[in-house]
Amino acid sequence: MNSKRIYLSPPDLDGRERELILEAYESNWITTLGPQVDAFERDICKRTGVPYAAALSSGTAALHLALILMGVKQGDEVLCSTFTFSASANPITYCGAAPVFIDSDASTWNLDPLLLEEELQSCKKKGKIPRALIVVDLYGQCADYDPILKVCAEYGVPVIQDAAEALGATYKGKSAGSFGAMGVLSFNGNKIITTSGGGMLISSNKEVIDHARFLATQARDAAPHYQHSQIGYNYRLSNILAAMGRGQLENLDKKIARRKEINTVYRKLMSDIPGMDFMPIAGYGEPNYWLTCITVDPLQSKSTREDIRLALEKENIESRPLWKPMHLQPVFQSCRVRGGSVTGKLFAEGLCLPSGSGMKADDQQRIVEIIRTVCNVS
Ligand SMILES: Cc1ncc(COP(=O)(O)O)c(C=O)c1O
């Protein structure tokens with residue numbers, strides 16, 4: 001067994017992070033505002049082409065604020081991709097609203113625009129239009145925004161793009177996070193760039209971002225004393241962590257290129273394994289290749305995805321089943337879902353493989369060898 005564990009997507013600190021963190025330290029801006037926060041926001045705006053950004057303590061905080069800013073409240077319904085991490089849906093419940101989940105399109109693994117249209121037709125018939133839609137860009141690949149935005153515009157439903165996993169990906173040449181009314185990014189420790197924990201809310205609407213900053217700093221009124229006319233949150237990003245984010249962002253293209261290379265090597269060395277498939281790459285854009293994901297059809301393969309996961313675990317290598325869809329989560333069992341069979345099957349058969357940009361080539365070779373052995377393919 002290998003003593004050094006290989007993780008799915010560990011942090012890869014390979015740039016000016018240390019230098020910029022030291023700069024923040026020496027400037028004595030050891031708080032949730034400061035020059036590094038301002039600079040990180042500007043850097044993200046430049047990278048995504050979205051003019052305004054608020055750096056926050058997490059992607060979850062960004063989603064929560066986005067929903068508040070859209071006026072989501074008790075009794076509302078909010079549509080959400082079912083194939084995602086629970087952080088996409090949890091903030092809906094923080095607002096007292098009910099999530100309604102939409103299944104994925106098998107050709108992209110992202111939200112199915114046709115099911116979305118069906119759900120909106122049905123909502124209209126019932127006389128209750130959802131307050132918002134949260135669309136997730138799964139595993140670093142954008143959803144199909146043209147039909148999604150078209151149908152949402154028809155029904156007057158504002159869109160939040162949960163691009164937590166997709167910084168650097170594009171859809172028809174435009175950056176992930178730039179679609180819909182607001183975009184959400186995450187810099188969690190497992191993301192393509194990390195600040196250890198952190199997130200960003202981005203928008204082309206200045207007022208929205210100004211209001212997000214206000215709410216994220218405890219909603220302090222403009223007064224010399226501490227005065228509050230509404231409930232606020234402690235959601236801003238620390239100046240030290242923003243420095244780390246700037247160092248990481250400078251190498252984003254390098255990290256994407258390395259993850260793409262890892263994805264290409266997996267495909268090249270494993271596409272002959274019977275029953276094995278990879279997450280489809282949609283023709284409409286370029287992913288950031290955050291994680292390489294496979295599916296294993298138990299009817300065609302000599303092994304299951306669980307056999308593979310356990311064999312890797314035995315060698316101290318982390319892999320994980322694909323997201324368990326929200327409509328199958330005990331906590332959301334009372335929520336409505338449109339469709340569900342596509343992501344149900346993906347969850348049953350899918351696995352995320354180690355994909356970190358710092359992964360060594362011989363570690364990847366070893367992973368492939370273990371998988372080929374489990375699958376009985378020499
Ligand atoms: C799709 C998705 N949305 C939201 C989040 C939440 O981001 P954070 O961990 O920064 O709160 C994550 C990841 O953590 C995610 O994968």
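Note that this is a predicted model, so its numbers are computed, not measured. Ligands are counted one by one from 1 in listed order, and the atoms in each one are counted from 1 as well. In what follows, every heavy atom counts, from backbone to side chain, and hydrogens, waters and symmetry copies are set aside.
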Task: Ring centre gap for H327 and F332 strictly below 6.0 Å - done: no
When you pair each N or O of ligand 1 with protein N or O atoms, which pairs come out under 3.5 Å?
from	atom 1	to	atom 2	distance (Å)
ligand 1	3 (N)	S88	OG	3.4
ligand 1	3 (N)	D162	OD1	3.2
ligand 1	3 (N)	D162	OD2	2.7
ligand 1	7 (O)	S186	OG	3.4
ligand 1	9 (O)	N188	ND2	2.9
ligand 1	10 (O)	G59	N	2.8
ligand 1	10 (O)	S186	OG	2.7
ligand 1	11 (O)	G59	N	3.3
ligand 1	11 (O)	T60	N	2.9
ligand 1	11 (O)	T60	OG1	2.5
ligand 1	14 (O)	K191	NZ	3.0
ligand 1	16 (O)	E165	OE2	2.6

Open item on the list: To the nearest 0.5 Å, what is the distance between CD on Q161 and CG on L63?
Closed with: 11.0 Å
Open item on the list: Taking the six-membered ring for Trp, are F85 and W323 closer than 6.0 Å centroid to centroid?
Closed with: yes
- [ ] Validate the cation-pi geometry between R42 and F40: distance from NZ or CZ to the six-membered ring centre under 6.0 Å, angle to the ring axis within 45°.
- [x] no
Task: Quiz item: cation-pi between K172 and Y145, 6.0 Å / 45° - done: no
TODO: For the pair S186 (side chain) and A164 (backbone), establish whether a donor and an acceptor sit closer than 3.5 Å, ignoring hydrogens and angles.
DONE: no
